[in-house]
Participant: 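Before I ask anything, let me first share the structure, which is written out below as structure tokens.
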Protein chains: 2
Amino acid sequence: MYIKDKGHTVINSVREKRTYLKMTQDGLAEKVQATRQTIIAIEKGNYVPSVLLALRIASILECKVEELFRYEKI
Amino acid sequence: MYIKDKGHTVINSVREKRTYLKMTQDGLAEKVQATRQTIIAIEKGNYVPSVLLALRIASILECKVEELFRYEKI
DNA sequence: TCCTAATGTTAAGTTAACATAACATTAGGT
DNA sequence: ACCTAATGTTATGTTAACTTAACATTAGGA
């Protein structure tokens, strides 16, 4: 992140939701109009997506953005 | 946006929620740990924030991310 | 065991999302 | 009209969020 806020991170449950829906990374990527690498990176926590992508993912994974991405203290 | 998807945009109601709560751009910026310019840019639709910022803004403006940022067709 | 689907890794490039800063404009109160 | 707070504008720079692409690894079924 650009904003340096030590002591906080964004944890997501994309992988959990995705596998629960028996969806593949590739399938999800296609549905949210992103690449597989992007999904992998997000699942691995390599980066946090934009709200645009987050809204799409949440939509496809049938849940709210806040239950998919949690802003937590370390 | 990086993702080219003609026919769609992200519309937000940050300004409405903010003014409703009688909060200033500067005040909001400070609370979400961003700059005033960032708030202005978001309100003007110049760019969509990251989920991190979106989560913070939604939290401060006391609403859900999806009611603050709507993915709409043009 | 072999084949394939799914997942992971790395690199290199582009654009968007931030920041800082300095200055201009508007709106409202006295 | 004046002052100040709030808002808007423009420019420049850095980093994160993406992309494409090529290859490596893992897991599971026939």
Side-chain angles (χ1 to χ4, degrees), chain A residues 1-61 65-66 68-74, chain B residues 1-61 65-66 68-74:
Chain A
M1 279 302 309
Y2 196 77
I3 300 173
K4 313 291 185 196
D5 65 346
K6 315 105 184 176
H8 290 85
T9 349
V10 172
I11 299 181
N12 74 79
S13 43
V14 173
R15 183 178 221 101
E16 289 80 345
K17 302 277 186 181
R18 177 179 61 80
T19 54
Y20 176 73
L21 293 176
K22 308 210 180 301
M23 201 175 296
T24 172
Q25 290 179 333
D26 206 41
L28 176 58
E30 195 176 359
K31 291 193 174 181
V32 301
Q33 306 175 52
T35 62
R36 192 168 57 87
Q37 278 76 359
T38 296
I39 302 298
I40 292 175
I42 292 172
E43 287 189 356
K44 291 230 148 186
N46 289 0
Y47 56 70
V48 238
S50 62
V51 230
L52 175 54
L53 230 196
L55 283 171
R56 285 193 188 137
I57 296 177
S59 165
I60 297 297
L61 296 186
V65 172
E66 15 275 289
L68 205 51
F69 298 93
R70 300 187 314 277
Y71 184 62
E72 292 188 355
K73 299 186 180 181
I74 306 176
Chain B
M1 278 302 309
Y2 196 79
I3 299 174
K4 313 293 186 196
D5 66 345
K6 315 101 182 179
H8 290 86
T9 350
V10 172
I11 299 181
N12 74 79
S13 44
V14 173
R15 185 179 218 99
E16 291 80 346
K17 302 277 186 182
R18 176 179 63 79
T19 54
Y20 176 74
L21 293 176
K22 309 211 178 302
M23 201 175 295
T24 171
Q25 292 179 331
D26 207 40
L28 176 58
E30 195 176 359
K31 290 192 176 182
V32 301
Q33 307 176 51
T35 63
R36 192 168 57 86
Q37 277 76 359
T38 294
I39 301 299
I40 292 175
I42 292 173
E43 288 189 357
K44 291 231 148 186
N46 288 1
Y47 56 70
V48 263
S50 63
V51 232
L52 175 55
L53 229 198
L55 284 171
R56 284 192 189 141
I57 296 176
S59 164
I60 297 298
L61 296 186
V65 172
E66 15 274 290
L68 205 51
F69 299 92
R70 300 188 312 277
Y71 183 61
E72 291 188 356
K73 299 185 179 182
I74 303 177

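All values derive from a computational prediction rather than experimental measurement. Throughout, a chain's letter reflects where its sequence line sits, starting with A, and its residues are numbered from 1.
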Participant: Whole angstroms only, please: what is the CG-P distance between A:D26 and C:dA5?
Facilitator: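 Spelled out: CG on A:D26 to P on C:dA5 is 11 Å.
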Participant: Check every atom of C:dA19, C:dG8, D:dT7 against the side chain of A:Q25 and return the nucleotide holding the closest atom.
Facilitator: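 The listed nucleotide nearest to A:Q25's side chain is C:dG8.
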Participant: Each nucleotide in nucleotides 21-30 of chain D should get exactly one letter: B, S or -. Can you fill that in based on protein heavy atoms under 4.0 Å?
Facilitator: BB--------
Participant: Say whether, by atom type as modelled, one donor and one acceptor occur between the side chain of A:R56 and the main chain of A:V32 under 3.5 angstrom.
Facilitator: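 Yes; at least one donor-acceptor contact below 3.5 Å.
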Participant: When the distance from NZ of B:K44 to P of D:dT10 is rounded to whole Å, what number comes out?
Facilitator: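 These atoms are roughly 9 Å apart.
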Participant: Which listed nucleotide (C:dA19, C:dT7, D:dC18) is nearest to the side chain of A:T38?
Facilitator: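 When the side chain of A:T38 is considered, D:dC18 is the closest of C:dA19, C:dT7, D:dC18.
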Participant: Mind checking if A:T24 touches a base, just sugar-phosphate, or nothing, with heavy atoms under 4.0 Å?
Facilitator: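 Result for A:T24 = sugar-phosphate.
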Participant: With a 3.5 Å distance limit and no angle check, can you tell me whether B:T19 reaches the backbone of B:R15 through a side-chain donor-acceptor pair?
Facilitator: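 Pair found, side chain donor or acceptor close to backbone of B:R15.
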Participant: Let me know the distance between CG of A:L28 and P of C:dA6, rounded to the nearest Å.
Facilitator: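 After rounding, the gap between these two atoms is 13 Å.
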Participant: In whole angstrom, give the distance that lies between atom CD of A:E30 and atom C1' of C:dA6.
Facilitator: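 Between C1' of C:dA6 and CD of A:E30: 15 Å.
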Participant: Could you go through B:V51 and A:V10, starting from their C-alpha distance and side-chain angles, then the distance that decides it, and tell me whether this counts as side-chain contact (heavy atoms from CB on, under 4.5 Å)?
Facilitator: CA-CA 9 Å; B:V51 232; A:V10 172; 5.6 Å; no
Participant: Among D:dT7, C:dG8, D:dT19, which nucleotide sits nearest the side chain of A:I40?
Facilitator: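 Per side-chain heavy atoms of A:I40, the pick is C:dG8.
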Participant: To the side chain of A:S50, which of C:dT7, C:dG8, D:dC18 is closest?
Facilitator: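 Out of C:dT7, C:dG8, D:dC18, the nucleotide with an atom closest to A:S50's side chain is D:dC18.
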Participant: Provide, to the nearest angstrom, the distance between the CG atom belonging to A:L52 and the C1' atom belonging to D:dC18.
Facilitator: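 Result: 11 Å.
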Participant: Between C1' on D:dT7 and CZ on B:R15, what's the gap in Å once rounded to a whole number?
Facilitator: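 That distance rounds to 8 Å.
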Participant: I would like to know whether B:S13 and B:R70 meet side-chain contact (heavy atoms from CB on, under 4.5 Å); could you show each step before the answer?
Facilitator: CA-CA 9 Å; B:S13 44; B:R70 300 188 312 277; 4.2 Å; yes
Participant: Okay, side chain of B:N12, backbone of B:I42: is any donor-acceptor separation there less than 3.5 Å?
Facilitator: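 Looks like yes, one N/O pair under 3.5 Å.
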Participant: Among C:dG8, D:dC18, C:dT20, find the nucleotide with the atom closest to the side chain of A:Y47.
Facilitator: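 My answer, after comparing the listed nucleotides, is D:dC18.
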Participant: Between B:L53 (CG) and C:dA19 (P), how many Å, whole number?
Facilitator: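 The distance from CG of B:L53 to P of C:dA19 comes to 7 Å, rounded to the nearest Å.
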Participant: Any donor and acceptor pair, going by atom type alone, linking the side chain of A:D26 with main-chain N or O of A:R36 inside 3.5 Å?
Facilitator: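 It does not hold such a pair.
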Participant: Within the side chain of A:E66, is there an N or O that forms a donor-acceptor pair under 3.5 Å with the backbone of B:V65?
Facilitator: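 Flag set: sc A:E66 to bb B:V65 pair under 3.5 Å.
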Participant: In whole Å, I'd like the distance from the CG atom of B:N46 to the C1' atom of D:dG8.
Facilitator: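 Atom CG in B:N46 sits about 11 Å away from atom C1' in D:dG8.
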